Asker: 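Please read through the structure below; I'll follow up with questions.
Predicted model only: the values in this text are computed from it and were never measured.
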Amino acid sequence: MLITHDNRCSLDAVVDLVNTAPEEGGADGLADLTALRDFVRRHEVSEVGVLAERDLTDVRRVRGRFAEVFANPEPRAASTIINELIAAAGTTPRLTDHDGYDWHIHYFAPGASVADHLAADCGMALAFFVVAGEQERLRRCEAPDCRRAFVDLSRNRSRRYCDSRTCGNRLHVAAYRARRKEAAGQRGR
């Protein structure tokens, strides 16, 4: 599956957006307008005007819908959510080469709100995975204490953790220690 630069940026943005949601009493990564501004800056979301409280509310709503896509393994259900997001955003595909980037497609309408911008561009990036029969690559971390979203871009679709250096390594170390403890207990008999 070919993933263009703009689709990769949209995938990174949607994963980061979903992962800002508070998990089991945790902090909301989009707690206020400052956090939303930081998100927009970090992901270089273009053509965004002055952000207001309504933008924060709308982006949180879109975030919740994207979280449903990552939670839903059924392509038909995921496609319904994606279609609703894209349609509500007033999608208007257009070619652009702004800010030193080569030609790419923006799916959001000129003057769109940041929520509509994210719904359109990120929704289309996820749509390409559904169309390609690759929705299974839209995953949640399998570590018991982590449910962060990620996109598995490994060749064999084998990635299980959001970050192998943290969640994956922590579980591997725990399994190793459990095996050693069990082996030590068997030797003591």
Side-chain angles (χ1 to χ4, degrees), residues 1-21 29-30 33-52 54-70 72 75-139 148-159 162-163:
M1 177 175 182
L2 175 67
I3 300 175
T4 62
H5 172 75
D6 52 316
N7 280 343
R8 181 58 194 254
C9 290
S10 293
L11 288 172
D12 290 345
V14 72
V15 165
D16 192 25
L17 180 63
V18 169
N19 289 334
T20 64
L30 290 178
L33 278 173
T34 300
L36 179 59
R37 286 184 195 103
D38 289 345
F39 178 90
V40 166
R41 190 173 20 263
R42 188 170 57 252
H43 289 284
E44 299 178 358
V45 181
S46 61
E47 301 180 36
V48 174
V50 176
L51 297 174
R54 178 179 173 93
D55 293 306
L56 183 59
T57 300
D58 291 346
V59 169
R60 285 178 180 155
R61 179 186 46 76
V62 168
R63 173 182 68 185
R65 298 303 315 269
F66 281 134
E68 292 176 47
V69 173
F70 277 85
N72 206 321
R76 187 159 311 282
S79 67
T80 298
I81 297 164
I82 293 168
N83 284 338
E84 289 170 357
L85 281 164
I86 292 170
T91 309
T92 307
R94 59 193 161 96
L95 288 167
T96 183
D97 67 345
H98 66 87
D99 297 331
Y101 293 108
D102 205 358
W103 288 103
H104 59 282
I105 300 173
H106 280 184
Y107 294 98
F108 61 94
S113 70
V114 66
D116 285 346
H117 178 138
L118 293 169
D121 278 0
C122 296
M124 288 303 299
L126 295 178
F128 292 130
F129 277 81
V130 175
V131 168
E134 300 283 351
Q135 184 188 345
E136 66 191 35
R137 292 180 179 271
L138 309 177
R139 297 190 176 166
R148 292 179 60 83
F150 68 94
V151 178
D152 178 3
L153 296 177
S154 67
R155 282 186 189 198
N156 61 358
R157 299 173 186 88
S158 61
R159 188 170 157 200
C162 63
D163 186 346

Asker: Is there a side-chain contact between L33 and L36, using heavy atoms and a 4.5 Å cut-off?
Answerer: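 A side-chain contact under 4.5 Å exists here.
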Asker: Side-chain contact, heavy-atom cut-off 4.5 Å: H104 with T4?
Answerer: no
Asker: If you define the side chain from C-beta out and look only at heavy atoms, does anything of L11 sit under 4.5 Å from F129?
Answerer: yes
Asker: What heavy-atom pair brings I86 and A120 nearest, and what distance separates the two atoms?
Answerer: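 Looking at all heavy atoms of both residues, the shortest contact is CG1-O, 4.4 Å.
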Asker: Taking side-chain contact (heavy atoms from CB on, under 4.5 Å) as the definition, give me every residue that meets it alongside T57, ordered by chain and number, with sequence neighbours left out.
Answerer: none
Asker: Could you state the interatomic distance from CZ (R61) to CG (L85), rounded to the nearest 0.5 Å?
Answerer: 7.5 Å
Asker: Which one of V14, L118, D16, L17 satisfies the side-chain contact (heavy atoms from CB on, under 4.5 Å) criterion with H43?
Answerer: D16
Asker: Quick one: does any side-chain atom of T92 pair with a main-chain N or O of G90 as donor and acceptor, under 3.5 Å?
Answerer: yes
Asker: Can you tell me how far apart NE2 (H5) and OG (S10) are? Round to the nearest 0.5 Å.
Answerer: 9.5 Å
Asker: Run the numbers on D97 and D102 for side-chain contact (heavy atoms from CB on, under 4.5 Å), then give the verdict.
Answerer: CA-CA 5 Å; D97 67 345; D102 205 358; 5.5 Å; no
Asker: Apply side chain to side chain donor-acceptor pair (under 3.5 Å) to D12 and list each qualifying residue two or more places apart in sequence or on a separate chain.
Answerer: R8
Asker: Compare every heavy atom of D55 with every heavy atom of V50, then report the nearest pair and how far apart it is.
Answerer: O-OD2, 3.8 Å
Asker: Which residue in the set R139, R159, R157 passes side-chain hydrogen bond (donor to acceptor under 3.5 Å, both in side chains) when paired with D152?
Answerer: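 Single side-chain hydrogen bond (donor to acceptor under 3.5 Å, both in side chains) partner of D152 among R139, R159, R157: R139.
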Asker: Identify the two heavy atoms, one from A13 and one from F39, that lie closest to each other, and give their separation to 0.1 Å.
Answerer: O-CZ, 3.5 Å
Asker: Quick one: are I105 and L95 in side-chain contact, heavy atoms under 4.5 Å?
Answerer: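 They are in contact (side-chain heavy atoms under 4.5 Å apart), so the answer is yes.
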Asker: Go through the steps to decide whether F150 and N19 satisfy the test side-chain contact (heavy atoms from CB on, under 4.5 Å), and finish with yes or no.
Answerer: CA-CA 9 Å; F150 68 94; N19 289 334; 6.0 Å; no
Asker: Quick one: closest heavy-atom pair of A149 and F70, and the distance?
Answerer: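 Distance-wise, the nearest heavy atoms are CB-CD2, 3.7 Å.
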Asker: With no hydrogens and no angle check, is any side-chain donor or acceptor of N7 less than 3.5 Å from a backbone partner on I3?
Answerer: no
Asker: So which atom in A112 and which in H117 form the shortest heavy-atom distance, rounded to 0.1 Å?
Answerer: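 Shortest heavy-atom separation between A112 and H117 comes out as CB-N, 4.4 Å.
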Asker: Nearest 0.5 Å, what's the CD-CD1 distance between E84 and I81?
Answerer: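 Here the rounded value is 7.0 Å.
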Asker: Using a cut-off of 6.0 Å, state whether more than 12 heavy atoms not belonging to R54 lie near its atom CZ.
Answerer: no
Asker: Could you report the tightest heavy-atom contact between A67 and V18, atom names first, then the distance?
Answerer: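 Smallest heavy-atom distance, with atoms named: N-CG2, 3.8 Å.
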Asker: Kindly indicate, with the supporting measurements, whether the criterion side-chain contact (heavy atoms from CB on, under 4.5 Å) is fulfilled by V62 and R65.
Answerer: CA-CA 5 Å; V62 168; R65 298 303 315 269; 5.7 Å; no
Asker: Any non-hydrogen side-chain atom of L30 less than 4.5 Å from a side-chain atom of L56?
Answerer: yes
Asker: With distance as the sole test, does Q135 use its side chain to make a donor-acceptor pair with the main-chain N or O of N72 at under 3.5 Å?
Answerer: yes
Asker: Any non-hydrogen side-chain atom of D116 less than 4.5 Å from a side-chain atom of F108?
Answerer: no
